[in-house]
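Data first, discussion second: the structure below is written as structure tokens.
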Amino acid sequence: MKLKFKTYTATAMSLMLLFASASCNTDDFLENINKSNLTDQTQWQSETNADVFLNDIYSEIPNKLNQSETLDYYTDDYNISHYYTASNWRQGVCIVPGSSNDSPWGGTYGPTYGYTWEKLFVKVRKCNTFIQKITENKANYSEAYFNKRLDEARFLRAFFYSEFFVHVGGLPIITQPLDRSTMSETELQTPRATFQQTFDFIVGELEEIVNNAAVPVKYNASDKDAGRATLGAALALKGSIELFGASPLFNTATPYLPDPGKFVHFGNEDATRWTKAAATNKKFIDLYGNGQAYSLFEDLANFWRVSNEYNSEVIWDRQVVANVSGMGGSYERRGGPTYVLGEYQTWGNYNPTQELVDQFAMANGKPITDPTSGYDPQNPYKNREQRFYDFIVYDGAPYKLDWMPRADTIYTRIDLTYPNPDRTNQIDLAGKTDVGDSGYYQRKRLNPDAAPGNDASGQNYVFYRYAEILLNYAEAQNEASGPDATVYEAINKIRKRSKLPDLTTGLTKAQMREAIRRERRVELCFEDKRFLDSKRWAIMPETMGKPRHNMVIRNTVPANNSGKWVYSVEEEVKYNVSFLPKQYMNPIPQNVIDQNPNITQNPGY
């Protein structure tokens, strides 16, 4: 049962918020006191009234479970449909939009995932206004309330900046509400900060929040403030951004394209950036991890159940309330097997590629490329590691979620004996239906308790979990110092949960790098991490500049299926794929540059 604090909009001073905070039932959630008499003066007279404004800022966290596109659409982990912005991006189409736009339908400007230039600075303005107003009215609040809510707002501002920073690079750093009536044109037209300055602002804010210790380390599901910022969230975000910055695409003196303003790279290579990222993630492990506030949740297959929200592994999430318009999750409507028990259920969008499937090890821990692993290309789903069965729906997979009245078996093979192939999950190579065209569907993250539907799921969107901290630390420490014992320990904890043996000892730094990247790709698949990893590792020409592959299964006697089923890995045929270096970062809308001549466009646009 979710205990979510009640929320209201402060924009019109009377409208109820769309923030998914919590209640045990929707009647209580919607039973709000009348705030129509709030004014700019009364808004800040009490802690209760000030919370109305802050809760509105929490509602600005995008409900990514309701986004039609995920970041994984822009990776080699998914084979996706033709009508998305991601399908244009995959073909090298990424151009400057006339204005801020985040429509997923055939856009030509790259991934946004709940953000545009305009939307970011609406969020930032709200944070700045709250910080300014509670500071001006500090006498109206207890010291504990003031310190706690101030750092919550600072965290949200840093979080919003970080979410756009990874797509654009350097941003204007604005820490006070802009006012046309009192500020000059020079004050209003804030220039872009460099990559370094934006990075330093985000990291510096998060470090101060952690040092202040005004917010708790973690909330549990029963806490009335569950969903608010925590020290765990602040330190996890800091470690993630430091890892992002330390990575090859940015930690360099030679950017992917000329960048004289240093908006998309640091301008130098500094090995200590890896050291700092390792130290931050190690600090999290030492202070908050290892079974203290945070630890790995042992039942990974059930991690995303609503009943397991705020489990020991969850660090930062966006709250969701089922069956409330705009507040529920629609993730299950967009992906998973298209037909379940013979009925159309989903758009069939989440189609894992053969490239991803091949990353899952055998049950003995060996990669399928190892000749001693036991892998059989004509029986490819036998004896794979447990995460494969938990995360992937493959041909012949048993399929039973709790909302289903009985179990089903999902077949993706081409069955010419079936009278109506468009009513099954068999691979749709022509791309004419919602059935997937990779030969696989996604199981991971689908809510087993809620049948697919609009706003039907109450599963929270998890931004950070403890497994990522371990992976972050292992990667940064390996780059900083090589594969020491602590690197092995971090990776082996994750492997142990998945019933895999420990990594082989004696790996070189390069071999450990490969092992960490493989482990990261499998463990965090479908969690919107692969896109940022491919970006920061500067491997997108390799991952996105060539066709992906599907598993096509045909019978040698197709007339009656009396022959042998043959498994064939084949290239996708829908797209002429391309990746241009400029696509590493999104373009800035032209109207932003027209309105503020101090804003410089990103390289290549």
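Worth saying up front: this structure is predicted, and the values here are computed from it rather than measured.
- For the atom pair Trp274 CH2 and Glu479 CD, the distance stands at 4.5 Å (nearest 0.5 Å).
- Heavy-atom neighbours of Lys400 NZ from other residues, nucleotides or ligands within 6.0 Å: above the threshold of 12.
- At least one test fails for Lys218 against the ring of Tyr310: distance under 6.0 Å to the centre or angle within 45° of the axis.
- Within 6.0 Å of atom CD in Glu514, 12 or fewer heavy atoms from other residues, nucleotides or ligands are found, so the atom counts as exposed in its surroundings.
- Listed for the Ser373 side chain is no donor-acceptor partner under 3.5 Å among the backbone atoms of Lys366.
- For the pair Asn472/Phe284, no side-chain contact is recorded, criterion being any heavy-atom separation below 4.5 Å from C-beta on.
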Are Arg157 and Glu205 close enough, and set up right, to give a side-chain contact (heavy atoms from CB on, under 4.5 Å), and what steps lead you there?
CA-CA 9 Å; Arg157 184 175 61 186; Glu205 288 287 287; 2.9 Å; yes
Checking Thr70 against Tyr331 for the side-chain hydrogen bond (donor to acceptor under 3.5 Å, both in side chains) test, could you report, in this order, the C-alpha distance in whole Å, the side-chain angles of both residues, the deciding distance, and whether it holds?
CA-CA 10 Å; Thr70 74; Tyr331 188 75; over 6 Å; no
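- Among residues two or more places apart in sequence or in another chain, the ring-ring contact (aromatic ring centres under 6.0 Å, His included) test is passed with Phe244 by Phe250.
- Of the candidates Arg387, Arg520, Glu468, Ile494 forms a side-chain contact (heavy atoms from CB on, under 4.5 Å) with just one, namely Arg387.
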Tell me, with the steps shown, if Phe526 and Tyr78 meet ring-ring contact (aromatic ring centres under 6.0 Å, His included).
CA-CA 9 Å; Phe526 316 137; Tyr78 272 164; 5.5 Å; yes
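- No hydrogens or angles considered: nothing links the side chains of Asn383 and Asn364 as a donor-acceptor pair under 3.5 Å.
- Residues Glu527 and Lys444 are paired through a salt bridge, judged by an N-O separation under 4.0 Å between the basic side chain and the carboxylate.
- Between Val203 and Thr280, every side-chain heavy-atom pair lies at or beyond the 4.5 Å cut-off.
- No donor-acceptor pair closer than 3.5 Å links the side chain of Tyr161 to the backbone N or O of Val124.
- Side-chain contact between Leu296 and Leu470: present, with at least one pair of heavy atoms (C-beta onward) separated by less than 4.5 Å.
- Donor-acceptor pairing under 3.5 Å is lacking for the side chains of Glu69 and Trp89.
- Asn302 pairs by the side chain to side chain donor-acceptor pair (under 3.5 Å) definition with Asp299, Arg305, not counting sequence neighbours.
- Asn447 and Ser457 form a side-chain donor-acceptor contact under 3.5 Å, judged by distance and modelled atom types alone.
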Walk me through whether Tyr219 and Val314 qualify under side-chain contact (heavy atoms from CB on, under 4.5 Å).
CA-CA 9 Å; Tyr219 286 114; Val314 175; over 6 Å; no
Let's go through Arg517 and Asp533 carefully: what are the C-alpha distance in whole Å and the side-chain angles of both, what is the deciding distance for salt bridge (charged side-chain N to carboxylate O under 4.0 Å, His left out) to 0.1 Å, and is it a yes or a no?
CA-CA 9 Å; Arg517 290 186 179 186; Asp533 288 344; over 6 Å; no
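- Residue pairs meeting the salt bridge (charged side-chain N to carboxylate O under 4.0 Å, His left out) criterion with at least one member in residues 320-341, sequence neighbours excluded, do not occur.
- Counting only distance, with no hydrogens or angles, the side chain of Tyr464 and the backbone of Tyr466 share no donor-acceptor pair below 3.5 Å.
- A 4.5 Å side-chain heavy-atom check between Arg465 and Leu524 finds at least one atom pair inside the cut-off.
- Looking at Arg536 and Ser247, their side chains do bring a donor and an acceptor atom within 3.5 Å of each other.
- In this structure a side-chain-to-backbone donor-acceptor pair under 3.5 Å is missing from Asp56 to Val52.
- Distance alone, capped at 3.5 Å, is enough to place a donor-acceptor pair between the Asp484 side chain and the Val487 backbone.
- Within the 3.5 Å criterion, the main-chain N or O of Ile80 finds no donor-acceptor partner in the side chain of Tyr73.
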Walk me through it: do Asp358 and Tyr375 pass the test side-chain hydrogen bond (donor to acceptor under 3.5 Å, both in side chains)?
CA-CA 11 Å; Asp358 287 348; Tyr375 176 71; 4.6 Å; no
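- Asn66 and Ser330 are linked by a side-chain donor-acceptor pair at a separation below 3.5 angstrom, with hydrogens and angles left out of the test.
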ring-ring contact (aromatic ring centres under 6.0 Å, His included) evaluation trace for Tyr381 with Tyr394:
CA-CA 8 Å; Tyr381 312 132; Tyr394 53 92; 4.9 Å; yes
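- Residues that satisfy the side chain to side chain donor-acceptor pair (under 3.5 Å) test with Asp72, not counting sequence neighbours, are absent from this structure.
- A 4.5 Å side-chain heavy-atom check between Glu385 and Lys499 finds every atom pair outside the cut-off.
- Under a 3.5 Å cut-off, the side chain of Asn351 and the backbone N or O of Ser438 do not form any donor-acceptor pair.
- How far CD of Glu152 is from OH of Tyr145: 8.0 Å, rounded to the nearest 0.5 Å.
- Because its NZ or CZ atom is not both nearer than 6.0 Å to the ring centre of Phe159 and within 45° of the ring axis, Lys123 does not count as a cation-pi partner of that residue.
- Residues Glu313 and Asn308 are not in side-chain contact: their nearest non-hydrogen atoms beyond the backbone lie 4.5 Å or more apart.
- In this structure, a donor-acceptor pair under 3.5 Å is present between the side chains of Thr486 and Tyr473.
- Rounding to the nearest 0.5 angstrom, the gap separating the CG atom in Leu471 from the CD atom in Glu523 is 6.5 Å.
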Worked verdict on Thr85 versus Tyr74 for side-chain contact (heavy atoms from CB on, under 4.5 Å):
CA-CA 9 Å; Thr85 298; Tyr74 294 81; 3.3 Å; yes
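- Residues passing the ring-ring contact (aromatic ring centres under 6.0 Å, His included) test with Tyr461 are Phe463, sequence neighbours excluded.
- Listed by chain and number, the residues in a side chain to side chain donor-acceptor pair (under 3.5 Å) with His549 are Glu355 (sequence neighbours excluded).
- No side-chain donor-acceptor contact under 3.5 Å links Thr412 to the backbone of Ile427.
- Checking Ser222 against Asn220 by side-chain atom types alone, no donor-acceptor pair falls below 3.5 Å.
- Judged by distance alone, the side chains of Tyr115 and Glu163 do bring a donor and an acceptor atom under 3.5 Å apart.
- Residues Arg228 and Asp223 are not in side-chain contact: their nearest non-hydrogen atoms beyond the backbone lie 4.5 Å or more apart.
- A salt bridge is defined here as a Lys NZ or Arg NE, NH1 or NH2 lying under 4.0 Å from an Asp or Glu carboxylate O, and Asp77 with Arg521 meets this definition.
- With Thr433 contributing its side chain and Val435 its backbone, the two residues share a donor-acceptor pair below 3.5 Å.
- Looking at Tyr288 and Thr230, their side chains never come closer than 4.5 Å, going by heavy atoms from C-beta outward.
- If you take CZ on Arg530 and CG on Asp76, they are separated by 4.5 Å, rounding to the nearest 0.5 Å.
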Intermediate values then yes/no, side-chain contact (heavy atoms from CB on, under 4.5 Å), Asn212 and Arg154:
CA-CA 12 Å; Asn212 290 342; Arg154 292 178 69 190; 3.9 Å; yes
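- Between the side chain of Glu475 and the main chain of Ile516, no donor-acceptor pair closer than 3.5 Å is present.
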